[in-house]
Amino acid sequence: MTDPTPHLIRTSRDGDVLILTIDNPPVNAFSPGVPEGLKAGLDAAATDDTVRAVVIIGGGRTFIAGADIRTFNLPREQAPDLRGTIAKLDAFPKPTVAALHGTALGGGFELALGCTYRVATPDAKVGLPEVKLGLLPGAGGTQRLPRVVGVKKALDLILSGTPVGAAPARDLGLIDEIVEGDLLTGAVAFAWRVADVRPLPRISERPAQPDPEAIEAARQSIRKTHRGQLSPQFIVDLVDLATRTPFNEGHAEEGVKFVQAKDSPQSRGMRHMFFAEREAAKIPGLDKTTPTTDIRRVGVIGAGTMGGGIAMNFLNAGIPVTIVETAQENLDRGLNTIRKTYEASAAKGRLKPEDVQKRLDLLTPTLSMNDLGDADLIIEAVFEDMAVKKDIFTRLDAVAKPGAILATNTSTLDVGEIAAVTSRPEQVIGLHFFSPANIMKLLEIVRADRTSDSVLATSLKLSRTIGKVGVVVGVCNGFVGNRMLYAYREQASKAVLEGATPQAVDAAMNALGLPMGPYAMSDMAGLDIGYMARRAAAERAGQPMPDDWVDRVVQLGRKGQKTGAGVYDYPDGSRTPVPSPAVDDLIQAYRAEKGVQPREATQDDLIARLTATLANEGARILEEGIALRASDIDTIYTYGYGFPAYRGGPMHYASEQGLTTVVQTLERHGLEVAPLLRRLAQEGKTFAQYDAERAKSQT
Ligand code: T1G
C-alpha cells in the first residue's frame, strides 16, 4: 500500500546523476513527506543501473535546517523517520553527494554526514544546535562527528551548538569541496568525478580516537556553562562512547538518550522558547504591507550607562549615531566608556582593532539637541523622572524632522503621557533596553495608545537589525518585566518576614536555574534604584512609602555592591555576597515589631511561591492586554531577567507544574488569584492553550 503522505521531494536527472530536491519551505525542515520522498528516490536509484550517483539538495533558501521541531510531540510511529533515512543512505551502494547552502543544521547536517560526500556554497553554514533545544544530535551526529573532527572539536561544536562556515568546515574535513557559482551544477560535476570511486567513504566505518582529557575537560566545563541541564551530559557520554564502541552500538544508545532528552521538561521548555521568540515578532494587524521607516541615522539623548550601551547597538549595526549630553565632562565620560568597552572586546579578540575605530567613527558627540535634526530615530535615555522627560520631548518635538520616531528608554513611566507633550504622539514609542544595553538581548517595545502601526513595525524590524529580541507590550507601571519583578520581590520580602533568610531565597532561585536570586541581583543593580522606584510609585499613587525591611536596609545607607554592603556584605570590595549579621539583626527586629513568629520555609516551597507569584502577575498582565501572549512574557523573562530557557519562562513553567497546583500555592500564601489563572486551572488548561485560543479568536 503506497504511503499517502505527500512527498516533499522533487526528483530530476542530469545524465546518470539522480537529483533529489527537498521542497519544504521556509527552511526545509525534516517534516512528514521528506523521509518518504528521499527513501523512495533512493530505492528507485539503488536498482536503476543508469544511475551512477545521487545528489541531495535543498530547494529555496537553505538545505535541511533540522528535524521538524513541531513533530517532536508526535507518537514515534508518526514521527518523520530521520534515522531510518540516514541508515538507508549509509547502506546505499552508490555515491551520494549532499549539496549544502544556507544553514544545514541538526538532522539536516546529520543527513549530510550520512552521505558519502558533501559540497557547499562559500556562505553555507553547518552545525548541530540541538543542545539549544535541550536535545542532542539524535540521528548519528554524536557518533559520526568525532569520527571526522576528533573528540575535542566534536564536543566544542555540539556543546556550543554554534554553526561553522563552509571554509572552516572544509578545513575540518566536514566538507569535501566548496562550489563557486551554481551549487547544483557544481554538485553534479563532483558526483560525476566520484561516481566510480570505491570503496565508498562512509564516515560510520571510520574509527574515533579516544581523548579522555577532552572528555574530562568537557564534563568539568558543562557544570558551569550548562548548569542544571540534562542533554549536555548525554552529549559528553555519547561522544565518549563513540571512541569505545562500534558505530551501531553507540548509535543505538544515542537513540535511547535522544528520546529521554526529547521527553524531558527541559527540552519542552527550550522548544517552547524557540517558537515563543518567533511568535513575539507577529503582531495582529501588522504584516509585510505595514509601512516602515528606514533608520539610517540615530540620535541618543544621554551618554550615561544606558545611553552609551544603546548607542553601541546601532554602531555595531553600522548605523551612525549622534549622542547628546548636557555637559562636556558627562559627554567625555560617556565616550570614554564606549571606547573602553570596545577596546576590551578587541583585547579579548572579539573585535578587530580596525572595527573598533570603524564603530567610533560612526559616533558624533554633541552638547546641542539641534544636531538631531536629521535623525530618523531619537532615543531618550536620561534620568527616570517624568518632568525631565516631558521637558526633553517638548524640545525634541521642535528639532526632530517630520517622520522621525521619538523613543523613550523609560523602564516604568507612562509613555502615553510623555507622547502627549509632543505634536506627533503617533510617532512616540517606548524602547526599553536592559542593562548592559549593548549585551542584553531583550527589548521591550512599549506601544502607547496613539503609537502608529508603522512606528511599531519599524521598531520590531529594527530590533532584529540590532540583534535584539523585540517584544511588544502595553503601558502600565513597570510594563511587563519590571511589573512582575515588583510582585516577585514583594513576595520574596514577605517570605523573609515569615522566616526565610535572604540567602535561602536566593539559593532557591539559583536551584531553579536563575543566575541570581532577588537579593544578590538587587545588591548588584543598586538597592537604592528599587527603593526610589517604590517611593516614586507610592508618591504617584498618593500612598505612604511601604515599610519593608529591605527599605530599612537602604535607609542604613546599605545600597548594595557599590557601597560594599546591601542585603549582603561585600568585604574588601569583593563581588561575592556574604550573609550580613547586621541585616540578620534588622530582619529579626522587624519580625518582632510585626509580631511575626518565624518559621522555616523549604526550598521547594520558596520556588513554588515565587514562580507562582510571577505567573499570577503574568495572568493579570494578559487579562489587561498589556502582553499579547503568555509566550511573550516567557520571552521577556528569559531574555531580560535570567529565567532559564530550559524552564521555558514563568508562564510555561507554571503550566508544567499544573495551574491547579499554582493556584493552591498562591492561596496557601494568602495571595489573590488572578481570574484568568483561576479559570484556566478550573478548565484544566495551560497558558499555551490560552495563547492558541486567543490567536484563533484574533484571526
Ligand atoms: N522545525 C520546524 N520549524 C522550523 C525549524 C525546525 N527545525 N526551523 C525553523 N522553523 C520555522 C520557524 O519557526 C519559522 O516559522 C520559520 O521556520 C523561519 O524560521 C534529530 C533533533 C534555520 C537559522 O535547531 O535556527 O534536528 O515563525 O524565523 O531567522 O538531531 O530557524 O515563520 O512560522 O528562525 O532565517 C535542529 C532551528 C533541530 C535549527 C533560520 N535545528 N532553526 O533562521 O528564520 S533538532 C535547529 C533555526 C534536530 C536531530 C535533531 C533558524 C534558521 P514561522 P526563522 P531565520
Side-chain angles (χ1 to χ4, degrees), residues 8 22 24-35 58 60-74 76 79-87 100-114 123-145 154 157-158 160-165 231 234-235 238-239 251 254-264 266-268 270-283 287-288 460-461 463-465 467-470 629 631-632 635 645 691-692 695:
L8 299 173
I22 299 117
N24 184 24
V27 296
N28 286 324
F30 203 85
S31 312
V34 173
R61 65 175 168 138
T62 182
F63 190 72
I64 301 170
D68 185 336
I69 304 168
R70 294 184 194 282
T71 64
F72 288 162
N73 302 330
L74 289 176
R76 179 176 281 208
D81 181 18
L82 179 56
R83 286 165 63 92
T85 307
I86 298 176
L100 312 179
H101 73 300
T103 49
L105 303 175
F109 187 43
E110 289 173 293
L111 186 134
L113 292 173
D123 59 357
K125 286 194 168 18
V126 300
L128 297 173
E130 286 87 344
V131 72
K132 296 180 181 173
L133 297 168
L135 295 167
L136 52 97
T142 66
Q143 302 305 300
R144 286 193 171 87
L145 202 63
L157 291 171
I158 303 176
S160 70
T162 309
V164 289
S231 71
F234 286 169
I235 289 166
L238 289 163
V239 171
H251 188 247
E254 180 195 75
V256 172
K257 285 284 186 293
F258 175 77
V259 172
Q260 281 179 23
K262 177 178 75 68
D263 295 343
S264 71
Q266 293 197 357
S267 181
R268 282 198 299 275
M270 294 171 96
R271 292 182 338 239
H272 166 72
M273 288 316 304
F274 176 86
F275 291 114
E277 182 183 332
R278 286 156 180 79
E279 283 305 301
K282 301 170 186 164
I283 309 300
D287 59 27
K288 289 194 172 56
L460 269 166
K461 188 174 161 198
S463 67
R464 285 193 293 277
T465 305
K468 302 294 184 195
V469 176
R629 288 161 284 247
S631 64
D632 285 359
T635 303
D691 281 351

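Please read these numbers as outputs of a predicted model, since none were measured by experiment. Excluded from the calculations below are hydrogen atoms, water molecules and symmetry mates; all remaining heavy atoms, backbone and side chain alike, are included. Counting starts at 1 for both ligands and their atoms, in listed order. Position 1 is the first residue of the sequence; numbering continues from there.
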Novice: Under 4.0 Å from atom 27 (O) of ligand 1, can you find at least one protein heavy atom?
Specialist: yes

Novice: So which heavy atom on I86 is nearest to which on A139, and how close?
Specialist: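 In terms of heavy atoms, the two residues are closest at CD1-O, 3.5 Å.
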
Novice: Against ligand 1, does F30 come closer than 4.0 Å with any heavy atom?
Specialist: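 No, that is not the case, since the closest heavy atom of the residue is not under 4.0 Å from the ligand.
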
Novice: Any idea which atoms of ligand 1 are less than 4.0 Å away from a heavy-atom of G107?
Specialist: 26 (O), 30 (O), 48 (C), 49 (C)

Novice: Between the main-chain N or O of S267 and the side-chain N or O of S264, is there a donor-acceptor pair closer than 3.5 Å?
Specialist: yes

Novice: With heavy-atom distances below 4.0 Å as the criterion, list the atoms of ligand 1 near P129.
Specialist: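 Heavy-atom distances to P129 below 4.0 Å select 24 (O), 41 (N), 46 (C).
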
Novice: For ligand 1, does P26 get within less than 4.0 Å through its side chain, its backbone, both, or neither, judged by non-hydrogen atoms?
Specialist: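 For P26, the contact with ligand 1 is made by the side chain alone.
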
Novice: For residues E254 and T142, is any side-chain donor paired with an opposing acceptor at under 3.5 Å?
Specialist: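 Per modelled atom types, E254 and T142 side chains form a pair under 3.5 Å.
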
Novice: For atom 2 (C) of ligand 1, find the nearest protein heavy atom and state the residue, atom name and distance (0.1 Å precision).
Specialist: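 Going by distance alone, atom 2 (C) of ligand 1 is nearest to D68 OD1, 3.3 Å.
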
Novice: Please state which part of L82 comes within less than 4.0 Å of ligand 1, counting heavy atoms only: side chain, backbone, both or neither.
Specialist: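 It is the side chain that gets close, since no backbone atom is under 4.0 Å.
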
Novice: Can you tell me which portion of A65 lies within the under-4.0 Å heavy-atom range of ligand 1? Options are side chain, backbone, both, or neither.
Specialist: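 The answer is both, backbone and side chain.
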
Novice: Would you check if the side chain of R464 reaches a backbone N or O of V469 as a donor-acceptor pair within less than 3.5 Å?
Specialist: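 Not at all, since once roles are kept as given, no pair shorter than 3.5 Å links the two residues.
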
Novice: Which atom names give the shortest non-hydrogen contact between S31 and D68, and what distance separates them?
Specialist: OG-OD2, 2.7 Å

Novice: Could you tell me whether F275 and ligand 1 have an N or O pair separated by under 3.5 Å?
Specialist: no

Novice: Looking only at non-hydrogen atoms, find the nearest pair between G106 and P129 and report the distance.
Specialist: N-CD, 3.4 Å

Novice: Are any of the N/O atoms on L135, whether in the backbone or the side chain, positioned under 3.5 angstrom from an N/O atom of ligand 1?
Specialist: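 For ligand 1, there is no N or O atom that lies under 3.5 Å from one belonging to L135.
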
Novice: Would you check whether P137 reaches within less than 4.0 Å of ligand 1, judged by its heavy atoms?
Specialist: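 Judged by the 4.0 Å heavy-atom criterion, P137 does count as contacting ligand 1.
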
Novice: When you measure from the side chain of R61 to the backbone N and O of G102, does any donor-acceptor pair fall under 3.5 Å?
Specialist: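 No; zero donor-acceptor contacts below 3.5 Å.
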
Novice: Name the option, out of R70, R61, E130, that contains the heavy atom nearest to atom 50 (C) of ligand 1.
Specialist: E130

Novice: Checking contacts here: is it the side chain or the backbone of V27 that comes within 4.0 Å of ligand 1, counting heavy atoms only? Could be both or neither.
Specialist: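 The part of V27 near ligand 1 is the side chain, not the backbone.
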
Novice: Quick one: does G138 get an N or O within less than 3.5 Å of an N or O on ligand 1?
Specialist: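 Min N/O separation from ligand 1 is below 3.5 Å for G138.
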
Novice: Record the part of K282 in heavy-atom contact with ligand 1 below 4.0 Å; permitted values are side chain, backbone, both and neither.
Specialist: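 Within the 4.0 Å criterion, K282 contacts ligand 1 through side-chain atoms alone.
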
Novice: Who gets closest to atom 54 (P) of ligand 1 by heavy atom: R278, M270, E110?
Specialist: R278

Novice: Which heavy atom in R271 sits nearest to a heavy atom in K262, and how many Å separate them?
Specialist: NH1-O, 2.8 Å

Novice: Taking 4.0 angstrom as the limit and counting only heavy atoms of F258, give me the atoms of ligand 1 inside it, by number and element.
Specialist: 21 (C)

Novice: Kindly say whether T62 contributes a backbone atom to a donor-acceptor pair with the side chain of N28 at under 3.5 angstrom?
Specialist: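 Indeed, once roles are kept as given, a pair shorter than 3.5 Å links the two residues.
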
Novice: Below 4.0 Å from any atom of ligand 1, is there a heavy atom belonging to R83?
Specialist: no

Novice: Can you figure out which of G161, A67, A29, G66 has its heavy atom closest to atom 7 (N) of ligand 1?
Specialist: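 It is A67 that holds the nearest heavy atom.
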
Novice: Is the NZ or CZ atom of R144 positioned over F109's six-membered ring, under 6.0 angstrom from the centre and within 45° of the axis?
Specialist: no

Novice: List the atom of G58, the atom of F63, and the distance in Å for their closest heavy-atom pair.
Specialist: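 In this case the closest contact between G58 and F63 is N-CD1, 3.8 Å.
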
Novice: Does H272 use its side chain to pair, donor to acceptor, with the backbone of A645 at less than 3.5 Å?
Specialist: no

Novice: Report yes if L133 has an N/O atom closer than 3.5 Å to an N/O atom of ligand 1; otherwise report no.
Specialist: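 Not met; the criterion fails.
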
Novice: What's the shortest distance from atom 1 (N) of ligand 1 to any protein heavy atom, and which residue and atom give it?
Specialist: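 Result for atom 1 (N) of ligand 1: I69 N, 2.9 Å.
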
Novice: Tell me whether D691 contacts the main-chain N or O of S631 through its side chain, where contact means a donor paired with an acceptor under 3.5 Å.
Specialist: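 Here the side-chain-to-backbone pair exists.
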
Novice: Below 4.5 Å, heavy atoms only, C-beta onward: do F274 and M270 meet side chain to side chain?
Specialist: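 No - every pair of side-chain heavy atoms lies 4.5 Å or more apart.
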
Novice: Heavy atom to atom 36 (C) of ligand 1, shortest distance: which of G108, P80, G106, A281 holds it?
Specialist: G106

Novice: Where does T103 meet ligand 1, judged by heavy-atom distances below 4.0 Å: at the side chain, the backbone, both, or neither?
Specialist: side chain

